[in-house]
Number of protein chains: 2
Amino acid sequence: MTNMTSHIHCQNCSMAALCLPYQLDQEGMARLDTIIQRHKPIQKRDILVHAGAPLKFLYAVRSGSLKSYTIDDNGVEQIIDFHLPGDVIGFDGLSENEHRSYTQALETSMLCEIPITALDELAEQMPGLRRQLWRLMSGEIFTSKQLLGTLNNRTAQQRVAHFLVTLAERFKERGLSSRSYRLTMTRADIGNYLGLSVETISRILSNLQQEGVIEVQNKLVEIIEPLRLREMAQ
Amino acid sequence: MTNMTSHIHCQNCSMAALCLPYQLDQEGMARLDTIIQRHKPIQKRDILVHAGAPLKFLYAVRSGSLKSYTIDDNGVEQIIDFHLPGDVIGFDGLSENEHRSYTQALETSMLCEIPITALDELAEQMPGLRRQLWRLMSGEIFTSKQLLGTLNNRTAQQRVAHFLVTLAERFKERGLSSRSYRLTMTRADIGNYLGLSVETISRILSNLQQEGVIEVQNKLVEIIEPLRLREMAQ
DNA sequence: CGACGATTTGACTCTACTCAATGTGTGTGG
DNA sequence: CCACACACATTGAGTAGAGTCAAATCGTCG
């Protein structure tokens, strides 16, 4: 039997428009494809990278989802990101040549492995790739600063509403339903990320459901009134 | 009379180690220097860049300090960054080719203006410059995600202590005293940045002073017990 | 089927906010 | 150089939103 993953290439990956290949021509995509390794699937709870480990690869998410977190001086986990297909993991480590956070799978996930040195060489020759790398990093800078503003000066309800809206937008970009989706992270993860307690997350999801804005069934979320939810996020 | 600023070059700039020229050799620095314009000094309250304006230049701070902020849908200012000498402003705009935030001087400040297109061309030819650009962007990604973790799940006192410690570290990197410094931003700015009210900032600075950890005299801060302050930031 | 982790709900507490009043500094114009 | 005005900062009192603690229920994976 042939390797089932052997036919996966940037050229036919549905996430290409969000990922490194964005705006590359056929030849550029083919060149990028040659340096990329397909990583074996990782299982729920598996740790992809450890904070402090040397940064040899960036990883692009092909399917599934992951969370990144740091461990602070008190040994407390602090989630800094959730990764969906098309996201590139590891940019925060480039400055020190080592990973700055842990990244753990929230479900079985498939990844592409991109060697940094080969990527640098390719970026030298391909202005389009260089621009996309800048674009991705710049976007990450903006969204994390934006998030800062979203969390500061906002109530618990606004934060949760913002979280749900942002997830919906991200799913939509990925060709998935922005109306209903599955949360692969726990309530505790969401609370940690938003700076709220588990109980508060649970209560607010219940309230939003009672008000008819969303339907929640365990991990499944359905957004009944997208506009109202968006207003609540302000 | 000759232009007083004409003798300022990357080669003799004291901020070179923090800025774009880091780890470039003499020749590389000279090449970088040719594309950089010295911007005329900007005065307190002047706005350097407006959100939405096309991104033509990055700016490096040579002296002084600035704040960056967005205006949210409710017209409320949200400060996302304070810039000190050596910092590069504008990375968050690369993804959309326009500035994503406003940047305003907190005091009279001197800036270097770096044309993006020329920088891209130079980065193509100079691997060291490319690496430093990656390093700076990556560092910004890390610190803003780190800050997220610092603000979430932390009390007002921890946030303020963290803010003071971080400023001290940044002044130290810049060859200035990490023991005493002047806050160029108002208490309201600090509160906005940390997600706290002006009153809370004021009260906490008073408390820290009463406990003998710091001395505050208006804008002047002296850190009496750096270790204790650092502990309080945890 | 059983055990453990995740989630929900309730009761009480406390931190940081708001509102209000007063004090302090800075800068401008006469 | 001084006086006045305005922005900035401090301090106090009362309040509310989110945290903590506790207990019950639900789901999932051996």
Side-chain angles (χ1 to χ4, degrees), chain A residues 43-46 67 74 76-79 104-108 150-164 182-211 214-221 232-233, chain B residues 43-46 65 67 74 76-79 104-108 150-164 182-211 214-221 232:
Chain A
Q43 302 301 317
K44 185 170 177 173
R45 288 191 195 80
D46 281 355
K67 65 174 176 180
N74 307 317
V76 178
E77 173 178 323
Q78 173 57 233
I79 297 174
Q104 186 178 25
L106 294 169
E107 60 188 319
T108 304
T150 306
L151 298 186
N152 280 348
N153 305 321
R154 274 186 169 67
T155 64
Q157 191 180 59
Q158 289 173 316
R159 296 183 197 197
V160 175
H162 176 90
F163 179 76
L164 295 175
R182 201 172 62 86
L183 299 170
T184 55
M185 67 294 287
T186 66
R187 305 285 193 268
D189 285 338
I190 299 173
N192 183 303
Y193 181 61
L194 296 178
L196 299 170
S197 67
V198 196
E199 294 93 327
T200 299
I201 301 296
S202 182
R203 273 187 257 269
I204 286 175
L205 290 177
S206 299
N207 291 349
L208 290 176
Q209 177 157 238
Q210 282 212 313
E211 298 204 22
I214 62 171
E215 288 278 340
V216 197
Q217 185 71 251
N218 302 324
K219 300 285 192 182
L220 277 158
V221 173
M232 293 174 119
Chain B
Q43 303 301 318
K44 184 170 179 175
R45 289 190 194 82
D46 282 354
S65 56
K67 66 173 176 180
N74 307 318
V76 178
E77 174 178 323
Q78 172 57 235
I79 298 173
Q104 185 177 27
L106 294 169
E107 60 187 319
T108 304
T150 307
L151 298 186
N152 280 349
N153 304 321
R154 276 189 166 65
T155 65
Q157 190 179 62
Q158 288 173 316
R159 295 183 197 197
V160 175
H162 176 89
F163 179 75
L164 295 174
R182 200 172 63 85
L183 300 170
T184 55
M185 66 295 286
T186 65
R187 305 285 193 267
D189 285 338
I190 300 173
N192 182 302
Y193 182 61
L194 296 179
L196 300 170
S197 66
V198 196
E199 295 93 326
T200 300
I201 301 297
S202 182
R203 272 187 257 269
I204 286 174
L205 290 177
S206 299
N207 290 350
L208 289 175
Q209 177 156 239
Q210 283 213 312
E211 297 204 22
I214 62 172
E215 288 278 342
V216 198
Q217 185 71 249
N218 303 323
K219 299 285 192 183
L220 277 159
V221 172
M232 293 174 118

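Per chain, numbering begins at 1; letters A, B, ... match sequence-line order. All values below come from the heavy atoms of this structure, side chains included, with hydrogens, waters and symmetry mates left out.
- Of the side-chain N and O atoms in B:K219, none sit less than 4.0 angstrom from OP1 or OP2 of D:dC8.
- Out of C:dG10, C:dA16, C:dC19, the shortest distance to the side chain of A:E199 is found at C:dG10.
- Remark: B:R203 is not in phosphate contact with D:dT10, judged by side-chain N or O atoms under 4.0 Å from OP1 or OP2.
- In B:K219, the NZ atom is crowded: over 12 heavy atoms of neighbouring residues, nucleotides or ligands sit closer than 6.0 Å.
- Spacing between atom CZ of A:R187 and atom P of D:dC26 amounts to 15 Å, rounded to whole angstrom units.
- The separation between B:R159 atom CZ and C:dC17 atom P is 8 Å, rounded to whole Å.
- Here the closest non-hydrogen pair linking B:L183 and B:R187 is CD1-NH1, 4.0 Å.
- Overall bending of the helix from C:dC1-D:dG30 to C:dG30-D:dC1, expressed as the angle between end axes built from five pairs apiece, is 50° (10° steps).
- Each of B:N218 and A:K44 lies near DNA chain D, and the nucleotide nearest B:N218 is the one positioned closer to the 5' end.
- Listed pair B:T200 / C:dC17 meets the phosphate criterion, a side-chain N or O lying under 4.0 Å from OP1 or OP2.
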Name every donor-acceptor pair, under 3.5 Å, that has one atom in a side chain of residues 193-201 of chain A and the other anywhere in the protein, sequence neighbours excluded.
unit_1: A:S197; atom_1: OG; unit_2: A:T200; atom_2: N; d: 3.3
unit_1: A:S197; atom_1: OG; unit_2: A:T200; atom_2: OG1; d: 2.9

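- Heavy atoms only, all atoms of each residue included: A:D189 and A:E77 are closest at OD1-OE2, 4.2 Å.
- Regarding contacts with the backbone of D:dT11, every side-chain N or O of B:S202 stays at 4.0 angstrom or more from both OP1 and OP2.
- A salt bridge links A:E107 to A:R182: one of the charged nitrogens lies within less than 4.0 Å of a carboxylate oxygen.
- In this entry the distance linking CG of A:L196 with C1' of C:dT8 reads 16 Å, nearest Å.
- When each of A:Q217 and A:G195 is assigned the nucleotide of DNA chain D bearing its nearest heavy atom, the one mapping closer to the 5' terminus is A:G195.
- Residue B:S197 has no polar side-chain atom (N or O) positioned under 4.0 Å from OP1 or OP2 of C:dT18.
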